[in-house]
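In what follows, a single structure is set out as structure tokens and then discussed.
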Amino acid sequence: MFQLTVPLQVINQDQAPLHQHRRLAILRRALNDDSLPLRARVAAVLVLLYAQPATCIVHLTVDDILDDGATAAVRPGDPPSPLPGPVADLMRAYIQSRRHLPYASSRSSQWLFPGRRPGQPMNPVSLQVHLREIGVPSQSGRTSAIRQLVLQAPAPVIAKASATTTRPPLDWSPKPEELGPDTPQATTHGDPRTDLTEEYAKPQHASPPVSTPGSG
């Protein structure tokens with residue numbers, strides 16, 4: 001008689017989506033905490049609000065930030081996605097800060113996130129390290145952002161905007177217990193990221209503690 005042994009499947013916790021309250025707490029911190037590096041804050045917003053993977057973020061150029069002084073947008077795909085006021089201000093501050101980068105090649109680079117090698121963008125693994133250093137789990141944060149966007153826009157639109165070209169392996173449909181009172185309601189008009197960011201960038205919203213690496 002044969003005995004079948006099924007190997008234990010190890011689940012990577014970084015692939016499980018964040019609870020929406022947790023994602024919003026980290027997003028608030030990225031928007032409001034001036035003690036964090038600007039580069040990491042901008043990357044965190046692109047992950048947590050626009051569901052962009054690190055591999056796409058590092059290939060954005062300064063020309064992908066459309067800013068006429070009054071309104072701004074980011075162009076990870078077509079059409080561009082609007083940058084709400086707090087995010088636009090953060091992006092403008094980051095672009096200005098590039099003048100002070102330690103490498104001359106980086107200061108003149110067209111890459112939004114220039115690498116140390118002349119003419120090359122930052123390595124996506126390096127960007128993920130910067131995100132982890134400020135407490136942002138890039139994979140689970142992006143998954144959580146996609147789950148929220150699915151509530152508010154057709155799936156093909158989300159797939160295009162989030163650079164998702166294949167069917168996701170995880171079930172990203174929102175679970176009832178995750179839809180708390182702070183979760184924005186689904187809408188069929190406007191850009192949900194605008195309302196979400198304007199709301200959670202306000203200092204009066206109490207932010208739950210956000211753990212950082214080493215804090216357990």
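What you see is a predicted model; the values in this text were computed from it and never measured.
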Kindly indicate whether the side chain of His130, heavy atoms from C-beta on, has any atom under 4.5 Å from the side chain of Ile134. no
To the nearest 0.5 Å, tell me how far Ser140 OG sits from Leu18 CG. 4.0 Å
In Å and rounded to the nearest 0.5 Å, what is the CG to SG distance from Leu46 to Cys56? 11.0 Å
Under 3.5 Å side-chain donor-acceptor pair for Asp33 and Ser35: yes
How close do Ala145 and Leu48 get, heavy atom to heavy atom, and via which atoms? CB-O, 3.3 Å
Hey, mind stepping through Asp34 and Arg41 against side-chain contact (heavy atoms from CB on, under 4.5 Å) and telling me if it holds? CA-CA 9 Å; Asp34 292 334; Arg41 293 170 66 189; 3.3 Å; yes
Candidate list Arg22, His19, Gln20, test side-chain hydrogen bond (donor to acceptor under 3.5 Å, both in side chains), partner Ser144, passing option: Gln20
Between Pro114 and Arg98, the two heavy atoms sitting closest are CD-NH1, 3.3 Å
So, Trp111 side chain and Gly119 main chain: donor-acceptor pair closer than 3.5 Å or not? yes
If the test is side chain to side chain contact (heavy atoms under 4.5 Å, CB included), which one of Ile65, Asp63, Thr61 qualifies with Leu112? Ile65
Stepwise side-chain contact (heavy atoms from CB on, under 4.5 Å) check, Leu66 with Thr71: CA-CA 8 Å; Leu66 312 177; Thr71 60; over 6 Å; no
Show your reasoning for whether side-chain contact (heavy atoms from CB on, under 4.5 Å) applies to Tyr50 and Leu83. CA-CA 10 Å; Tyr50 296 90; Leu83 294 177; 3.4 Å; yes
Would you compute the distance between atom CG of Leu127 and atom CZ of Arg132 and round it to the nearest 0.5 angstrom? 10.0 Å
Between Leu149 and Ala51 the two heavy atoms that sit nearest each other are CD1-CB, 4.2 Å
Distance in Å, Leu49 CG paired with Arg142 CZ, rounded so as to fall on 0.5 Å steps: 13.5 Å
With rounding to the nearest 0.5 angstrom, report the NE2 to CG distance, His59 to Asp64. 11.5 Å
Do Arg75 and Ser81 have side-chain heavy atoms sitting under 4.5 Å apart? no
When every non-hydrogen atom of Asn123 is compared with those of Val125, the smallest separation belongs to OD1-N, 2.8 Å
Determine, using the 4.5 Å side-chain heavy-atom cutoff (strictly less than), whether Phe113 and Val62 are members of one ILVMFWY cluster. yes
Show your reasoning for whether side-chain contact (heavy atoms from CB on, under 4.5 Å) applies to Met122 and Arg116. CA-CA 7 Å; Met122 176 182 285; Arg116 293 189 177 185; over 6 Å; no
Heavy atoms of Leu131 and Ser138 approach each other most closely as CD1-CB, 3.8 Å
Which atom pair, heavy atoms only, marks the closest approach of Gln52 to Pro76? OE1-CB, 3.4 Å
The reported gap from CD in Gln128 to CD1 in Ile57 (rounded to nearest 0.5 angstrom) is 9.0 Å
